[in-house]
Amino acid sequence: QTFEKLLVANRGEIACRVIKTCKKMGIKTVAIHSDVDANAVHVKMADEAACVGPAPTSKSYLNMDAIMEVIRKTRAQAVSLNESICCSWLLIFSLLPKLKPSLSLQASEGVTFIGPDTHAIQAMGDKIESKLLAKNAKVNTIPGFDGVVKDADEAVRIAREIGYPVMIKASAGGGGKGMRIAWDDEETREGFRFSSQEAASSFGDDRLLIEKFIDNPRHIEIQVCILADKHGNALWLNERECSIQRRNQKVVEEAPSTFLDPETRRAMGEQAVALAKAVKYSSAGTVEFLVDSSKNFYFLEMNTRLQVEHPVTECITGLDLVQEMILVAKGYPLRHKQADIPINGWAVECRVYAEDPYKSFGLPSIGKLSQYQEPLHLPSVRVDSGIQQGSDISIYYDPMISKLITYGSNRAEALKRMEEALDNYVIRGVTHNISLLREVIIHPRFVQGDISTKFLPEVYPDGFKGHKLTDLERRELLATATSLYVAEQLRSQRFLGTQRIPLAKSQRNNWELCVNLEDGVYPVVVSKNSSSFSVEVDGMKLNVTSEWNLASPLLSVTIDGTARTIQRLSRDASGNLSIQFLGTVYKLRILTKEAAELSKYMPEKAAEDTSSILRSPMPGTVVAVSVKPGDTV
C-alpha cells in the first residue's frame with residue numbers, strides 16, 4: 001500500500017514515465033500543465049489535470065503558489081519532483097529561498113515528496129558544499145578551489161595556482177549551463193563573466209567555483225539509485241557511460257561501460273554509496289565521475305533526481321526505478337541487496353532532439369509534428385516520450401522529442417537494434433538529430449569503445465556533415481531512388497475502380513534516367529522484371545525489390561540481398577526528391593534522359609541576396625538590442 005493520489009509536477013517524457021508506473025501501482029495521478037501544454041500527452045494520461053500558468057516555466061511549472069493550490073484542491077498525498085525543463089525541480093528548491101516556506105508548508109500538510117529530503121537536496125545541489133562533503137566521505141575529488149570565487153582577478157589567481165586548463169563552473173549548475181573551460185588568463189576572465197551571467201539567469205545564483213580540467217576524460221556515472229531508503233540501506237546499480245556529449249550535455253548513453261573493469265566499478269559504487277550515506281540520502285540519485293585514461297576517477301557531482309538516462313539502468317538490472325522511489329518515499333525498506341543487482345545484457349539510449357545537427361551538433365528547431373511514428377514494432381526497443389503526432393515543439397521547453405532505448409544480450413546486438421530503430425523512426429515537421437545519432441553509433445571509434453567527452457569535436461572537427469556515401473552506398477541510393485521513381489510512374493498509369501480498358505497496352509520496360517545527387521550527374525537505366533527492378537549504375541547492375549507501398553512513410557527495400565529501410569520525405573513535379581537513407585537526408589533530382597537534355601535551357605533561379613539580412617541561427621527571444629541608430633559598429 002502506497003499513496004492514493006500523486007501529483008506529477010513535471011512535463012514531457014518524465015511525467016509520462018511517472019504516470020505509467022503509478023497506473024501499474026494503482027495510484028491515481030494529477031498532472032499540472034501550462035496553458036500551451038493543455039493537450040500534452042502527460043495531461044491526457046493523468047486522472048486529473050490542472051493549469052498552473054502561462055508557457056514560461058517560471059510562471060507555470062515553477063510557480064509554487066499555483067502548484068500548492070492544486071495540491072490543496074486535489075488532496076494529493078505525494079508529489080513527484082524529478083525533472084524540470086532546464087534543470088531539476090529539486091535543485092531549484094534548494095536554491096530559491098522563497099520556495100522553502102512552501103516546502104515546510106507541504107510537509108506540515110502531510111504531503112510526501114518522491115525524492116530525497118531537503119537536507120540532501122541542499123547539500124548536493126550546491127557544487128561547492130557537495131565537493132567538501134565528498135572529500136569528508138573519502139570520495140576522490142578533482143583538484144581545485146573549494147570556496148566561492150569573488151571576481152575575475154581572483155579567478156585568474158586561482159587558475160594559475162591550480163594550473164591550466166581549468167573548468168569554471170556554476171556552483172548551482174546542471175545540464176552543462178554555467179560551465180566554461182579556460183586555457184589562459186584571458187579565457188579565465190571571459191569565462192568568469194559569461195559563466196556568472198548564465199548561472200544567474202538559469203539558476204538565480206551566480207556563485208562560481210574553479211577546478212582542474214581533466215583533459216580527454218570519460219563521463220561515467222554510477223546510478224546509486226542509491227536506492228537508499230530511510231532505514232540506512234543503500235545500493236549502487238552499476239554505471240552508465242555518458243561520454244558522447246555536445247555543449248556538456250549528453251547525447252548517447254549506454255550501460256554498462258566498455259571501459260570499466262569489475263574492480264573499478266566496485267570502487268566507484270562503494271564511494272557513491274558512501275557519499276549517499278554521508279548526506280542521509282533516501283531515493284534514487286546519481287553520482288557522476290570523470291575517469292581518466294588510467295582509470296583514476298574523480299567525483300563530479302551528484303544529481304538528486306531520476307535522470308533522463310535512467311532507462312538503460314532499468315534495462316540491465318530489471319528494476320523499475322520510479323516504483324522503487326515511490327516505495328522508499330512511503331517508508332518501505334529496499335527490497336534488494338547489493339548481491340541481487342545484476343548486469344544482464346547491454347542497453348543503449350539515444351536522445352532524439354528537435355535540433356539541427358549540422359549547426360554546432362544541434363541547435364533547437366521548432367514546429368508541429370505533422371507525422372510521428374515510433375519504431376515500437378521492432379524487438380527490444382523502448383521509447384520514452386511525451387509527445388505525439390500533432391504536438392508542438394516550442395521555444396519554451398527543452399527540444400527533446402524522446403529517449404530511444406534498445407537492449408541486447410551484448411553491445412553489438414544493442415547497437416544493431418539501435419541502428420534499425422533510428423532508420424524506422426518517422427519524424428516529420430521539425431528538424432531532428434537522427435542523422436547524427438546514427439553516425440555516432442556506427443563510427444568505428446564508438447564501436448570499439450574508444451570514446452571520451454571530446455568524441456564529437458575530434459571525429460567531426462569541421463562540424464557534422466552527415467553520412468559520407470561510399471561508392472557502393474551511392475549506387476544503392478541511386479538504384480533505390482530511380483526504382484521508386486519508376487514505381488510511381490507505373491502507379492500513375494493504372495486506373496482503379498473502373499472497367500475502362502486502355503486502347504493500347506504499354507510495352508515499356510526500360511527507362512533511361514538522369515539523376516543529380518550532391519555534385520554529380522549519373523545516367524541510370526531501369527528495367528522492370530515482375531515485382532523487382534534491374535538498375536544499371538556506373539556499368540554495374542543492381543536488383544531492387546520491394547512491396548512498393550508508396551503510401552507508407554517507411555519503405556523496406558532489398559538491394560542485391562542487402563535490406564534497407566528508407567523514408568521518402570518529399571517529391572515534386574520537377575523531379576526533385578528527398579530521401580532519408582542511412583539516417584541522412586539526400587536531395588536528388590530525377591529526370592528522363594530527354595528532360596535532362598532540355599533542362600540546360602531552363603533559367604536558374606537567382607539566389608536570395610542575404611547581405612543585408614541578420615538571421616538568428618535558432619529560435620529564441622530577443623533579450624537586448626545593444627545598438628541604436630547613429631552608432632558606429
Side-chain angles (χ1 to χ4, degrees), residues 124-135 137-146 159 162-171 173-183 191 195 208-224 226 236 238-261 263-276 285-304 307-309 312-313 445-446 449-458:
M124 292 295 100
D126 186 308
K127 284 184 170 62
I128 295 173
E129 186 176 351
S130 66
K131 191 172 180 180
L132 293 172
L133 284 166
K135 277 186 176 180
K138 303 295 190 291
V139 177
N140 301 345
T141 58
I142 299 172
F145 180 68
D146 297 330
I162 297 171
Y164 288 108
V166 297
M167 174 71 85
I168 303 169
K169 287 183 176 180
S171 176
K177 296 184 181 297
M179 295 174 66
R180 296 290 188 283
I181 300 168
W183 295 82
S195 291
L208 301 178
L209 72 154
I210 297 180
E211 60 190 20
K212 182 70 176 175
F213 174 63
I214 306 298
D215 198 14
N216 208 37
R218 297 175 80 108
H219 185 130
I220 298 178
E221 55 192 37
I222 291 288
Q223 177 71 42
V224 274
I226 333 184
W236 49 275
N238 304 310
E239 79 280 3
R240 296 189 293 254
E241 173 78 68
C242 306
S243 297
I244 306 299
Q245 302 182 7
R246 52 100 177 92
R247 299 191 296 277
N248 296 308
Q249 292 178 321
K250 302 158 194 170
V251 179
V252 179
E253 300 101 353
E254 61 181 311
S257 168
T258 59
F259 189 62
L260 293 192
D261 53 57
E263 291 74 23
T264 308
R265 176 180 294 117
R266 185 180 307 108
M268 292 173 72
E270 289 173 351
Q271 288 198 15
V273 165
L275 179 59
T286 301
V287 177
E288 299 187 1
F289 294 93
L290 288 182
V291 185
D292 66 20
S293 57
S294 301
K295 296 185 180 177
N296 299 308
F297 58 90
Y298 305 93
F299 169 73
L300 185 61
E301 64 180 348
M302 181 176 181
N303 290 301
T304 54
Q307 285 197 279
V308 170
E309 58 272 23
V312 292
T313 297
R445 270 188 58 179
F446 184 85
D450 177 18
I451 57 178
S452 73
T453 54
K454 289 185 175 181
F455 180 88
L456 289 178
E458 285 179 352

> Using a strict 4.0 Å threshold on nitrogen-to-oxygen distance, state whether Lys295 and Glu263 make a salt bridge.
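No, no charged N to carboxylate O under 4.0 Å.
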
> Quick one, Val139 and Phe289 - any side-chain contact, counting heavy atoms below 4.5 Å?
yes

> Check side-chain contact (heavy atoms from CB on, under 4.5 Å) between Ser257 and all other residues, then give those that pass, not counting sequence neighbours.
Arg218, Ile220, Glu239, Glu241, Phe259, Leu260

> Check the pair Asn238 / Arg265 against side chain to side chain contact (heavy atoms under 4.5 Å, CB included), numbers first and verdict last.
CA-CA 7 Å; Asn238 304 310; Arg265 176 180 294 117; 3.8 Å; yes

> With sequence neighbours left out, write down each residue that passes side-chain hydrogen bond (donor to acceptor under 3.5 Å, both in side chains) with Gln245, or none if nothing qualifies.
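Residues passing side-chain hydrogen bond (donor to acceptor under 3.5 Å, both in side chains) with Gln245: His219.
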
> Using modelled atom types only, decide if a donor and an acceptor are shared between the side chain of Arg180 and the backbone of Ile168 within a distance under 3.5 Å.
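Side chain of Arg180 to backbone of Ile168: no pair is present.
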
> Hey, are Glu301 and Lys169 close enough for a salt bridge, meaning a charged N less than 4.0 Å from a carboxylate O?
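Lys169 and Glu301: not salt-bridged.
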
> Which residues pass the salt bridge (charged side-chain N to carboxylate O under 4.0 Å, His left out) test with Lys135, not counting sequence neighbours?
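Asp146.
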
> Side-chain contact, heavy-atom cut-off 4.5 Å: Gln249 with Val308?
no

> If you define the side chain from C-beta out and look only at heavy atoms, does anything of Leu275 sit under 4.5 Å from Met124?
yes

> Are Glu253 and Gln307 close enough that some pair of their side-chain heavy atoms sits under 4.5 Å apart?
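When only atoms from C-beta onward are counted, Gln307 and Glu253 do not touch, as no gap falls below 4.5 Å.
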
> Who are the side-chain hydrogen bond (donor to acceptor under 3.5 Å, both in side chains) partners of Asn140, not counting sequence neighbours?
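Residues passing side-chain hydrogen bond (donor to acceptor under 3.5 Å, both in side chains) with Asn140: Gln271.
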
> Please name the pair of heavy atoms, one in Gly144 and one in Ile162, separated by the smallest distance, quoted to 0.1 Å.
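Looking at all heavy atoms of both residues, the closest pair is CA-CD1, 3.7 Å.
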
> Looking only at heavy atoms, what is the nearest atom pair of Ala170 and Leu208, with distance?
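So the minimum-distance heavy-atom pair works out to CA-CD2, 3.7 Å.
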
> Between Ile142 and Lys212, what is the shortest heavy-atom contact and its length?
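Closest approach of Ile142 to Lys212, heavy atoms only: CG2-O, 3.2 Å.
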
> Roughly how far, to the nearest 0.5 Å, is the CG atom of Asn248 from the OG1 atom of Thr453?
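Reported to 0.5 Å precision, the distance equals 8.0 Å.
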
> Taking only residues two or more places apart in sequence or in another chain, which ones pass side-chain contact (heavy atoms from CB on, under 4.5 Å) with Asn296?
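For Asn296 the side-chain contact (heavy atoms from CB on, under 4.5 Å) partners, ignoring immediate neighbours, are Asp292, Ser294, Tyr298.
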
> Of the non-hydrogen atoms in Thr141 and Ala134, which two are nearest, and what is the gap between them?
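Of all heavy-atom pairs spanning Thr141 and Ala134, the closest is CG2-CB, 3.9 Å.
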
> Looking at side-chain heavy atoms only, is the closest gap between Ser130 and Met302 below 4.5 Å?
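Answer no - side chains too far apart.
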
> Would you please name every residue forming a ring-ring contact (aromatic ring centres under 6.0 Å, His included) with Phe446, sequence neighbours left out?
none

> If we only count heavy atoms from C-beta on, is the Cys242 to Glu288 side-chain gap below 4.5 Å?
no

> Check step by step if side chain to side chain contact (heavy atoms under 4.5 Å, CB included) holds for Leu300 and Met167.
CA-CA 11 Å; Leu300 185 61; Met167 174 71 85; over 6 Å; no

> Are any of the side-chain heavy atoms of Met268 and Trp236 separated by less than 4.5 Å?
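A side-chain contact under 4.5 Å is absent here.
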
